[in-house]
Amino acid sequence: MIKKSAIEISQLCKYYLESGRQHVIFKDLSLSVTAGEFIVLLGRSGSGKSTLLNLISGLDPPSKGHIEVNDIHLCELTEQQRTIFRRHHIGFVFQAYNLIPTLTVAENVLLALELIHAISDYDRDQVVSLLTQLDLADCLDAYPDRLSGGEQQRVAIARALIHNPDIILADEPTGNLDIDTGKQVLALLENLVRKAGKTLIMATHSEEVTGKADRVFVIKNKALTWVTDKR
Amino acid sequence: MRRLLKKASRHFLYLHPWQLVIAILGITLGVAVVISIDLALESALHTFKQTTQALSGKASYRIIASDGGLDEKLYTHLRVGQGVQNLSPVVNGYVHSTAITAKTFKLVGIDPLIENTFQSAWRQDNKTGNNLRLITEPNTVLISRQTAQSMQLQIGDSFPVTTDTGRHILKIINWLPENNARELFAHLLITDISTAQELFGVLGKLSTIDVVLAHDPAATIQRIRQALPANVLLMPLNEQAESLRQMTQAFSLNLTALGMLSLLMGMFLIYNTVSFLVIQRRLLFGSLRSIGVTRQQICRLIIEEALLLAMIGTVLGILLGIILGHSLLPLISGTINALYFPVDHSVLKLSPLQIGKGCLLGIATTLLAVLVPAWEAYRLPPHRLLLRSELESGVRRFIQSAAWLAVLFIFLGLSLVLLTGNNISMGLAGIFLMLFGFALLTPQVSFVLMTMLERLLARSPSVLVRLPVRMVKAEISRTGCAIATLMIVVAATIGMDLMIGSFRQTVSEWVKISLPADLYVSLSGNMQASHKSAADHLLKQRLAKLNEVEMLSSVLRTQLFRGHTRNKVSVFEINEKSRQGFIFKQQSHEIWTAFNHQNSIFVTEPYAYHHGLELGDNILLRTAQGEQAFAIIAIYADYSGDQGHLAMSRNNYLRYWPDLGFSGIGIYAKEGSNMIQLEARVKQLLQPYQTVKSEQAIYQLSMQLFEQTFRITETLRWLAGMIAFLGVFSALMAIQFERTRQLGILRAIGMTSGQLSWLISIETGLMGLIAGLFAVPVGFIMAYLFIFVVYLRSFGWTLAFYFNAGVVFQGFMLALVAAVLAAVLPALKMAHTKPADALRNE
Ligand SMILES: Nc1ncnc2c1ncn2[C@@H]1O[C@H](COP(=O)(O)OP(=O)(O)O)[C@@H](O)[C@H]1O
Ligand SMILES: [Mg+2]
């Protein structure tokens, strides 16, 4: 069975100008991801994992090359269109949780929904049920900074999933957590994503996850090196 | 260690240059405004003093008379009869020249033969021989070389001038000596007594006699005083200068208060910036603390930085203040000229004392503003990453205590205002205290208002609607400060606009009422001129004979001595209609019979206020026959000056003082007369220096003068407003810039830059709304205090309070628009920042 392609990247180049000098991060990088795949990105700090995730999500435009997500050519979109694209297709989980400190847990999750459509009581129920599923029923009305790191990251996961995007991008989601909590959060994320049949790309150092991934890549020398393939 | 410490924090500052610029600007502008006001005021007064000194030299006393002038014979009597030496007779006045450019000169007639003991500036070169030609040749003058050259004149050339007596040709026979009083001399002509008397038509009269007390001063004073008639006075010169300074004291104080308002605004600016610099570096300071840097070192670092900023800002502020002073000087001199006494061609004068004051102000203000942020840095714990929310919960307690303090300040301020009687400074201090209190109260008010709004919005499921409210609330320490600054400017604007509006309205109504006649003839002219009285009476008779004229009224504006001070007196000849021209604040019964036939007098409201006089009190005035008592039978409104004056009937006046003609004649036309025709016919009867104006024309002129005297206030107000808005802008922008990361998150989860701009605008708009809402009652209180405390105490005027909804609405909109405008730059910046970069920030 030929699965639908979720992400097509070809000849992707990304460089930054730093004090007048060009600093290359990727050169001619290509990658093809099918829908429902779980991909892990490895690489040293500074190798460009975050940059790649930002490119896929349209947070950052490429310097050269093609990115196609769900048959949408990101390079042809304007900044505004990329934002709308992100709103519908991408769920993002960051290392630093990145919750809005002035909104409660439930509101943080609801916000992702409200950016898509006006919200109703039904949406609120959805949010409560998802948060309950994530074992956060007690802190719906708490503000993020009263929560532990693990709890905050679970809220972030809820925010990334609530609007039912096809692609979840996770940038070192366990980087700020202790090992045990990290394991729990990862298991949860993987579980939810798998169950819903979504595509997941995760940058991480965790050995644990690499075992569960469909494919593992390492970013090295400005390109992707294939490590394992369980398909 | 210290070098490293400095380097670490300097690097941060390099990364945020605009915040530094704004902090420096705050100091610069605050200092500049205060310095410029001080400079301009002092210079205007100094010019007056210097003119007096340059012309009178070593003279320490002056013999003056009321407007009848001094009889020349008095001089001869003192010198020959009493043997008093070192007397210098003077005749002075103003002449106009139209050679090349129109110019007004002060023309001073002196006796060139007088002893050198006077050593006045113009006499410094000893070529008196040449100056003797002033006596021998009529219409000869000395002029400064620069002025003559600018008029393309040389020694030996002649040029025309006009005075009340007509056109005259003056001949230059020598230059004035060159010395440091050059600017003063630029508009000075020196001639001899008899030429001056002829030019001004005051034959046989002197303006003043200057006196040098060489030896045994007490005895000489005694001798002179005994020889003087009752309506002539011997006055110490410095006392005269002092009384002029006192005259302008209220005016000066009000300007200084405006300057202090600017400084206060500047202080807010500095406070905002420095506390931002501290908060933003809390991470850096935290890590520094964890590697062993002490609290004291961090504190010192911040204070050192602030001092550096203060020094740069102060130096720039003084420079800018000098420039600003140059432009304020004509405005201030103009107002002093219009309201108090003539100051001729002021030049800005700097003294080291003023520069020192400026330095002290700049540095002290900065240190005061930095106190709180330095303390914040001091209590920063080491290593532990201080959460913004922790910081804010501490702040929430802080703003609560601030609110209590605010209530105390407002209460203290109010007590100060209410309990200090007539003291202007205390009244102003009280108002400042209250303003400061209201500013301190603002964060708490904002917090409460936002909490209420949040409750209101709780029903809506929308998160986006709630977000801006939460943002204002969550960072109340920053937002509250910005709102407070905005509130104060807007309140001050509303307060001043209401005050000026009320004043304008009051004056307008007063002017209308006090112009009951149809036409007014102005008969300005030298009161000492011997021909004036007869000529005036002749004119009045001719006017009365005109067909259309129903009746006439007249006024003579002169000065009389009460004790040792000269008081302005209006001498009225009143008819049934002109009686309507007074707005009485208090009056006894049957005033008009008493006014015309008994020793009675009216006083203006400011006069009564300044001298603590009441209805029924007696005023003693000097006459040639000794002092006479006049009973006060009415107190009436007058806004033409803040010193106030007396009014008496012509009947009364002529009983004790010489007839000096009239200053003005009011013409009441018969029903249905053609005014334009009448005006033309009146004009034909007048001399070139006399004018006739319709009642409407005078009304317009008066209102123009009113606006002119407020120009300086308006200018200063705009300056203060500008500084404050700069503060508000910088604070609002800094809040947004500090939030770059948070805004990046919103972009990452799918908020467009357009939506983000909305969010930012709504947040700052909310802040503007709070500021505007709170500014309305505070502005009202300000207006009320300005009118019923400051203006009453300063000038003795009671004004009616006129409410103007437009002003309030404008102020409210000002707050809103300013706040929303402040969102533009951050919104633009966010739109141009890639979300990926925004997320990387921190
Ligand atoms: N906006 C930028 N300007 C300059 N350099 C950047 C920028 N963004 C990323 N980089 C550089 O790109 C490289 C990759 O960064 P990143 O993707 O964050 O790595 P990783 O997530 O693997 O640690 C780093 O060397 C970083 O300094
Ligand atoms: Mg990274």
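Hydrogens, waters and symmetry mates are skipped; everything else that's a heavy atom, side chains included, is used. Within every chain, numbering begins at 1; the chains are lettered A, B, ... in the order of the sequence lines, protein sequences first and strands thereafter.
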Does any part of the side chain of P461(B), heavy atoms only, come nearer than 4.5 Å to the side chain of D123(A), both counted from C-beta?
no
Do E172(A) and H205(A) touch side chain to side chain, with heavy atoms closer than 4.5 Å?
yes
Give, as side chain, backbone, both or neither, the part of R82(A) having an atom under 4.5 angstrom from any heavy atom of chain B.
neither
Side-chain donor/acceptor of T442(B) to backbone N/O of G480(B), under 3.5 Å:
no
Could you give the distance from CZ (R86(A)) to CE (M751(B)), rounded to the nearest 0.5 Å?
11.5 Å
Under 4.5 Å heavy-atom distance to chain B, tell me which part of T51(A) shows up: side chain, backbone, both or neither.
side chain
Select one option (side chain, backbone, both, neither) describing which atoms of L99(A) are under 4.5 Å from chain B's heavy atoms.
backbone
Between R747(B) and chain A, with a heavy-atom cut-off of 4.5 Å, which part of the residue counts as in contact: side chain, backbone, both or neither?
both
Any carboxylate oxygen within less than 4.0 angstrom of a Lys/Arg side-chain nitrogen, looking at E763(B) and R739(B)?
yes
In terms of heavy-atom proximity below 4.5 Å to chain B, should L103(A) be classed as side chain, backbone, both, or neither?
both
Name the region of F94(A), side chain, backbone, both or neither, that has any atom closer than 4.5 Å to a heavy atom of chain B.
side chain
Most contacts with chain B, counted as non-hydrogen pairs under 4.5 angstrom, among P101(A), S57(A), G91(A):
P101(A)
Quick check: are there more than 12 heavy atoms from other residues, nucleotides or ligands sitting under 6.0 Å from CG of L17(A)?
yes
Of the listed D60(A), N54(A), N98(A), the one with the largest count of heavy-atom pairs under 4.5 Å with chain B is N98(A)
